[in-house]
Amino acid sequence: MLIAGLQKLTMLDYPGKFACCVFLQGCNYRCPFCHNSDLLGAQALTPIAEDEFFSFLQDRKQKNILEGVCVSGGEPTLQSDLPDFLRKIKDMGFCVKLDSNGTNPDMLKTLAKEGLIDYVAMDIKNSPERYALTAGLEKVDLEAIEESIRFLTSGVIDYEFRTTVVEPLHDAQSIEDMAGWLNTLMQGRKVTRFYIQPFADRDTVLFSGLSAPSKDTMDGFCRVLTPYTSYVSIRG
């Protein structure tokens with residue numbers, strides 16, 4: 001397992017739980033606004049040994065500090081040994097939250113079927129028309145994204161959708177188109193939880209010239225999404 005980083009305690013990333021966040025190396029997207037650009041390549045700059053990570057978990061278990069583990073990236077589902085990695089975490093008694101871009105629905109289904117994940121946070125990048133641009137690619141496999149959306153919203157596992165909103169990649173029309181797309185896929189059912197989070201600039205962001213929408217604009221995006229969701233909120 002290519003472990004590139006570890007946040008030892010978070011009270012924000014796993015709803016309702018004290019958790020750590022482990023970052024796995026590698027991603028198939030190149031989102032212009034990505035904060036974790038050092039995780040995109042095949043090799044970690046400062047890798048963490050798997051034994052070291054599990055020793056950390058064992059210590060936190062003995063001290064009764066952590067309830068869950070967030071597995072993020074990069075894109076964790078690119079790792080072929082992810083099921084074995086998560087099984088070890090589950091065998092220690094921790095709940096597992098997976099952060100994913102939804103591009104590997106087969107892996108997502110395997111993890112859920114085997115009971116290796118308890119919660120999924122899936123990124124919905126933008127409307128179909130702007131998806132590739134927002135992912136930093138010439139083309140994306142929207143069918144895979146749609147398969148992951150349908151799977152998560154079928155009720156098999158607890159989930160949230162989330163969108164990082166960035167100017168000039170998002171506007172009122174793209175948010176409306178994204179909401180309509182989701183509504184079509186879900187055949188009128190509502191998304192359980194949807195978070196929109198404003199872009200925050202950092203030194204690690206891939207591209208310059210990006211900015212966060214105003215608070216009024218973000219509130220407007222929430223109003224657009226409200227008819228299609230059971231719960232929508234601004235995060236961050």
Side-chain angles (χ1 to χ4, degrees), residues 4-5 7 10 12-13 21 23-46 70-78 98-104 120-142 144-146 148-149 160-182 191 193-226 228-229 232-236:
Q7 183 180 355
T10 173
L12 299 175
D13 290 277
C21 191
F23 298 91
L24 305 187
Q25 186 72 28
C27 190
N28 50 350
Y29 277 2
R30 294 296 182 270
C31 302
F33 50 89
C34 180
H35 285 169
N36 295 338
S37 57
D38 56 332
L39 302 181
L40 300 182
Q43 298 295 325
L45 297 177
T46 55
C70 301
V71 181
S72 190
E75 173 50 42
T77 63
L78 296 178
L98 178 71
D99 292 341
S100 178
N101 60 24
T103 54
N104 192 346
V120 176
M122 179 177 163
D123 295 320
I124 307 295
K125 297 297 181 181
N126 210 327
S127 64
E129 295 76 15
R130 297 191 187 183
Y131 221 94
L133 175 67
T134 311
L137 303 174
E138 292 185 3
K139 184 178 180 181
V140 297
D141 183 1
L142 283 177
I145 301 296
E146 292 176 348
S148 292
I149 291 171
E160 69 181 53
F161 291 151
R162 59 190 187 181
T163 299
T164 299
V165 185
V166 190
E167 291 184 345
L169 298 175
H170 300 86
D171 58 23
Q173 187 61 57
S174 69
I175 298 298
E176 288 180 8
D177 291 345
M178 181 178 73
W181 175 47
L182 291 173
V191 173
R193 299 180 195 86
F194 204 118
Y195 294 96
I196 58 173
Q197 46 202 35
F199 165 74
D201 201 7
R202 294 182 185 175
D203 292 340
T204 54
V205 170
L206 289 176
F207 287 84
S208 61
L210 305 176
S211 61
S214 68
K215 179 64 165 58
D216 287 345
T217 298
M218 295 290 290
D219 288 340
F221 291 166
C222 279
R223 287 192 293 271
V224 170
L225 291 166
T226 294
Y228 308 101
T229 63
V232 61
S233 181
I234 299 171
R235 176 185 280 159

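Along the sequence shown, the residues carry numbers beginning at 1.
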Quick check against the 3.5 Å criterion: does [X] have a side-chain atom that pairs as donor or acceptor with the backbone of [Y]?
X: T217; Y: P213; result: no
X: N126; Y: L169; result: yes
X: S174; Y: H170; result: no
X: T163; Y: V165; result: no
X: D123; Y: K125; result: no

[X] versus [Y]: any side-chain heavy-atom pair under 4.5 Å?
X: S211; Y: V166; answer: no
X: Y228; Y: L182; answer: no
X: P198; Y: I234; answer: yes
X: F33; Y: D201; answer: no
X: V71; Y: L24; answer: yes
X: E75; Y: N104; answer: no

Within 45° cone of Y195 ring axis and under 6.0 Å: R162 NZ or CZ: no
First locate atom [atom1] of [X], then atom [atom2] of [Y], and finally report the distance between them rounded to the nearest 0.5 Å.
X: S233; Y: R193; atom1: OG; atom2: CZ; result: 12.0 Å
X: D99; Y: C21; atom1: CG; atom2: SG; result: 6.0 Å
X: Q173; Y: R130; atom1: CD; atom2: CZ; result: 8.0 Å
X: L133; Y: C31; atom1: CG; atom2: SG; result: 10.5 Å

Can a salt bridge be assigned to the pair K215 and D219 using a cut-off of 4.0 Å between side-chain N and carboxylate O? yes
Do R235 and D13 meet the salt-bridge criterion of a basic N to acidic O distance under 4.0 Å? no
Residue pair [X] / [Y]: nearest heavy atoms and the distance that separates them:
X: S100; Y: T77; result: OG-CG2, 4.0 Å
X: G209; Y: P168; result: O-CD, 4.4 Å
X: P32; Y: G136; result: CD-N, 4.1 Å

Only one of L225, I196, I149, T229 passes side-chain contact (heavy atoms from CB on, under 4.5 Å) with F161; say which it is.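 Between F161 and the candidates, side-chain contact (heavy atoms from CB on, under 4.5 Å) is satisfied uniquely by I149.
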For the residue pair N28 / N101, report whether a side-chain donor-acceptor contact shorter than 3.5 Å exists. yes
Can a side-chain donor-acceptor contact be found between D177 and S127 if the only test is distance below 3.5 angstrom? no
Could you walk me through whether W181 and Y131 pass the ring pair (Phe, Tyr, Trp, His ring centres under 6.0 Å) check? CA-CA 12 Å; W181 175 47; Y131 221 94; 5.7 Å; yes
Can you name the ring-ring contact (aromatic ring centres under 6.0 Å, His included) partners of F194, sequence neighbours left out?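 Applying ring-ring contact (aromatic ring centres under 6.0 Å, His included) to F194 gives none.
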Could you walk me through whether T103 and I145 pass the side-chain contact (heavy atoms from CB on, under 4.5 Å) test, one step at a time? CA-CA 5 Å; T103 54; I145 301 296; 3.7 Å; yes
